Undergrad: 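One structure, pasted below without further comment.
This chain uses plain numbering: 1 for the first residue, then up along the sequence. Predicted, not measured: the structure shown is a model, and the values here were computed from it.
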Amino acid sequence: MNSTSKIRKTDDEKRIAYGIVYEPGVPDSHGDYMVAEEIEKMAHKFLAEGRVTNIDAEHDLEDTEVLVVESFIARKGDPDFPEGAWVMGVHFPDPARWALVKSGEIGGFSMYGKALREDDADTIELELPDDGLLWGTTAKAEDGHTHRYVVMFSEEGAFMGGMTEEAPDGHMHYITKGTVTEQDGDHRHRYDFLENVK
């Protein structure tokens with residue numbers, strides 16, 4: 001099981017990043033999904049087992065000293081997160097790692113684990129345009145600019161990457177992952193193509 005979600009907000013003074021670990025009904029990278037009740041059980045088990053230091057980078061299982069300082073299930077009406085989502089706030093004590101969050105190089109959370117697939121589980125289908133192209137707008141960079149972007153999918157629905165349009169100064173970004181653009185100059189942009197297919 002591998003679920004990736006972008007960082008949605010940060011507290012610069014405390015160096016805490018907040019993001020969704022798992023959202024109900026949203027397929028993960030294997031096309032599987034979970035219902036809210038199971039996500040809540042998983043979130044509670046994570047804390048009960050004291051796994052708040054189990055934060056690595058790129059699933060390398062190496063200690064990063066990043067620490068879970070908040071964990072909750074988003075309630076109805078939450079202004080930042082969808083109802084039923086498992087949300088974490090993680091503290092980055094190392095200023096160099098925090099700089100990677102601010103630049104977008106660390107762009108989100110990706111849950112790693114094992115799960116049992118049920119053959120009779122319901123299926124969620126995401127309807128993609130006939131041409132396999134999804135368009136959207138990136139999050140703002142620190143100077144306030146955004147880009148229009150496009151990501152491409154194969155006929156089988158596999159993510160194939162994409163790119164942004166050029167900004168007025170002529171720079172653009174390639175997209176190779178599902179949470180953040182590649183760097184151009186001194187910055188990257190976060191984006192979320194799932195917002196266009198939910």
Side-chain angles (χ1 to χ4, degrees), residues 1-23 26 28-29 43 46-47 50-72 74 78-82 85-113 136-151 159 161-196:
M1 171 186 352
N2 190 318
S3 170
T4 303
S5 176
K6 70 180 181 179
I7 291 172
R8 295 218 174 177
K9 68 180 195 175
T10 59
D11 182 325
D12 292 345
E13 183 180 348
K14 297 178 182 177
R15 291 204 298 264
I16 297 175
Y18 296 88
I20 295 171
V21 179
Y22 215 103
E23 182 177 348
V26 175
D28 61 25
S29 59
F46 181 88
L47 289 182
R51 300 175 68 187
V52 296
T53 60
N54 287 36
I55 309 294
D56 62 8
E58 304 295 336
H59 301 306
D60 62 9
L61 305 181
E62 298 287 330
D63 182 18
T64 60
E65 298 183 359
V66 174
L67 179 69
V68 176
V69 293
E70 294 184 45
S71 176
F72 62 92
D78 187 297
D80 300 304
F81 303 102
W86 176 14
V87 180
M88 273 189 188
V90 297
H91 175 245
F92 288 77
D94 178 10
R97 272 194 196 277
W98 182 248
L100 297 178
V101 173
K102 296 304 293 177
S103 73
E105 189 166 340
I106 295 177
F109 298 154
S110 179
M111 187 181 76
Y112 174 79
T137 302
T138 66
K140 291 180 182 177
E142 286 189 11
D143 66 4
H145 82 275
T146 63
H147 296 263
R148 191 160 186 250
Y149 71 83
V150 62
V151 290
F159 178 71
M163 65 185 66
T164 69
E165 292 182 342
E166 288 188 0
D169 68 1
H171 84 275
M172 53 84 66
H173 303 265
Y174 289 100
I175 295 173
T176 60
K177 311 180 231 191
T179 61
V180 66
T181 68
E182 294 301 302
Q183 188 159 333
D184 185 278
D186 62 354
H187 72 282
R188 300 173 183 228
H189 294 265
R190 293 186 182 120
Y191 77 98
D192 185 0
F193 67 80
L194 282 175
E195 291 176 355
N196 299 317

Undergrad: My understanding is that only one of E166, E165, H171 makes a side chain to side chain donor-acceptor pair (under 3.5 Å) with H147; could you say which?
TA: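 With H147 as partner, E166, E165, H171 yield a single side chain to side chain donor-acceptor pair (under 3.5 Å), made by H171.
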
Undergrad: Quick check: closest heavy atoms across T138 and Y191, and the distance to 0.1 Å?
TA: CA-CB, 4.2 Å

Undergrad: Please round to the nearest 0.5 Å and tell me the distance separating atom CE of M172 and atom CZ of R148.
TA: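 It comes to 14.0 Å.
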
Undergrad: Side chains of H187 and H173, heavy atoms from C-beta outward: is any pair under 4.5 Å?
TA: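 SC-SC contact between H187 and H173 confirmed.
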
Undergrad: Taking the side chain as C-beta and beyond, is there a heavy-atom pair between F46 and V68 under 4.5 Å?
TA: yes

Undergrad: Is any side-chain heavy atom of D12 closer than 4.5 Å to a side-chain heavy atom of K102?
TA: yes

Undergrad: Okay, side chain of T181, backbone of H189: is any donor-acceptor separation there less than 3.5 Å?
TA: yes

Undergrad: Can you tell if the side chain of L100 reaches within under 4.5 Å of the side chain of F92, non-hydrogen atoms only?
TA: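 No, their side chains stay 4.5 Å or more apart.
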
Undergrad: State, yes or no, whether a side-chain contact exists between Y174 and D184 at a heavy-atom distance under 4.5 Å.
TA: no

Undergrad: Side chains of E65 and D94: does their closest heavy-atom pair fall under 4.5 Å?
TA: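 Heavy-atom side-chain distance check fails, nothing below 4.5 Å.
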
Undergrad: Looking only at heavy atoms, which two atoms of H91 and V69 are closest? And how far apart?
TA: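 Residues H91 and V69, closest heavy atoms: CB-CG1, 3.8 Å.
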
Undergrad: Closest heavy-atom contact between S71 and W86?
TA: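 Minimum heavy-atom contact is OG-NE1, 2.9 Å.
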
Undergrad: To the nearest 0.5 Å, what is the distance between CE (M88) and CG (L67)?
TA: 10.5 Å

Undergrad: Please report the interatomic distance OH(Y18) to CG(D80), rounded to the nearest 0.5 Å.
TA: 10.0 Å

Undergrad: Can you find a side-chain donor-acceptor pair between Q183 and S103 that sits under 3.5 Å?
TA: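 Note: Q183 and S103 side chains miss the donor-acceptor criterion.
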
Undergrad: Looking only at non-hydrogen atoms, find the nearest pair between P93 and V66 and report the distance.
TA: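 That would be CD-CA, 4.2 Å.
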
Undergrad: Between P82 and I20, is any pair of side-chain heavy atoms under 4.5 Å apart?
TA: yes

